[in-house]
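Notes follow once the structure below has been shown.
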Amino acid sequence: SNFNELPMPWFGLDIGGTLTKLVYFEPTDHGEYMDTQEELLRGKTIRHYLVHNKAYGETGIRDEHLQLDEVIMNGRIGTLHFIRFPTDRMIPFIQLVKSKGFAQMSSTVCATGGGAIKYAREAELELAMQLHKADELESLISGIEFIAENYPDECYYYDNPLDDEKCRQVIWRWSSARCSSTDEQYQREGRNESGLQYPYVVCNIGSGVSVLVVRGHNEFERVSGSSIGGGFFQGLCSLLCNSQSFEDSIELATRGDNRNVDKLVGDIYGCGYESIGLPSDTVAASFGKISSPQDRENVRVEDLARSALVTTANNIGSIALNVAKQHGVERIVFVGNFLRVNPIAARHLANAMNFWSKGSKKALFLKHEGYFGAVGCLDKLVD
Ligand code: ADP
């Protein structure tokens, strides 16, 4: 469609199994465009509410640190704002939008994720507007590519991921277009000119897990997945540790030690099983050390949370690596909100890719973690 006909402002909404992600494009190039008076007024009212607050209702949060300025979307220059709230607050959210009178004003709302189907009727009836629906995986990929092209610092990897002293995050330039050959860090690390290119694997860790192979622009396939993802981790932590929130679970896991819970190769062999390449600190049996009541006496909730985290990360790592091997792909991009405030999981994934591929596969991470679907459905509509 012709973007000039799409009323401002533009919203991208990804209604997931656990979290709803809302991306708001705030145009900043008014001088050059003939927005109607009505559009300018709409923009002002919504901007005032969204940009002057960091929290909305009881559970909505704006991730201010992710805000992107001077982004060009479909010929317009503006700022992208990133907001999230739990999907179980979707009905109150619709009521809030209605009560603030935003509905008539925000006429271009693109939606993706399962909730875009589930809540479509409610939203369209209540708000008397039409959602522009987009495919979830298509949106995910176009969101990743849009952000990575517009924000050169988006992508990073870990050096020495499991070494507490030497571990560091290193920026990985996705596209060489924005990276001159004199870029110092770029040269120092001896990376090739191309940055991240096709093909690459995307491993999206949300409530559940999807693994996709991307071979070219608009050319991708979902090849694997798992139900052992962010929802599994949080469910287990609620049950085992009485954790009240995801942040709570991560905080517990950070202070825990999974070796009190998991049975390691070394616990069974007394050493590594070197002939088949299993070091002694490899987990042989997740939760394998707590079957008897005596064993459980010394286990803390922190250790259980850590084990739930490591179990989830390692299982996902193994699936992602198998996909990369099977399809002959070197780079694996990990996204999804399971990785939010969760460097332990990312470092385990990075280490697993390094170790089990003998250095031939690379784990990459993206700063906008769970927001790509919401960006992608917006970009897709205005494309
Ligand atoms: P979905 O689209 O399925 O909701 P997300 O990519 O948004 O997937 O990730 C959801 C997962 O992110 C949750 O299962 C949980 O593990 C993790 N998570 C991170 N932050 C939060 C949060 N504030 N509230 C709930 N879950 C969170």
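Counting starts at 1 for both ligands and their atoms, in listed order. None of these values were measured; they are calculated from a predicted model.
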Identified side chain to side chain contact (heavy atoms under 4.5 Å, CB included) partner of F11 from the options Y24, F102, F25: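 Of Y24, F102, F25, side chain to side chain contact (heavy atoms under 4.5 Å, CB included) with F11 is met by Y24 alone.
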Contact list for residues 250-274, test ring-ring contact (aromatic ring centres under 6.0 Å, His included), sequence neighbours left out: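 Of all non-adjacent pairs touching residues 250-274, those that pass ring-ring contact (aromatic ring centres under 6.0 Å, His included) are Y269-Y273.
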Could you tabulate the donor-acceptor pairs under 3.5 Å formed by side-chain atoms of residues 52-59, not counting sequence neighbours?
| residue | atom | partner | partner atom | Å |
| --- | --- | --- | --- | --- |
| N53 | ND2 | Y49 | O | 2.7 |
| K54 | NZ | E64 | OE1 | 3.2 |
| Y56 | OH | L50 | O | 2.5 |
| Y56 | OH | N53 | O | 3.0 |
| Y56 | OH | R62 | NE | 3.1 |

Pi-cation contact, Y157 with K362 (under 6.0 Å, within 45°):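 Yes, K362 lies over the aromatic ring of Y157.
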D63 and R84 ion-paired at < 4.0 Å: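 Result for this pair is yes, salt bridge flagged.
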Donor-acceptor contacts under 3.5 Å from residues 319-327 side chains, at least two apart:
| residue | atom | partner | partner atom | Å |
| --- | --- | --- | --- | --- |
| N322 | ND2 | S318 | O | 3.3 |

First-shell residues of ligand 1 [heavy atom, distance under 4.0 Å]: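 Residues near ligand 1: G16, G17, T18, L19, K21, R84, G206, S207, G230, G231, F246, E247, G336, N337, F338, R340.
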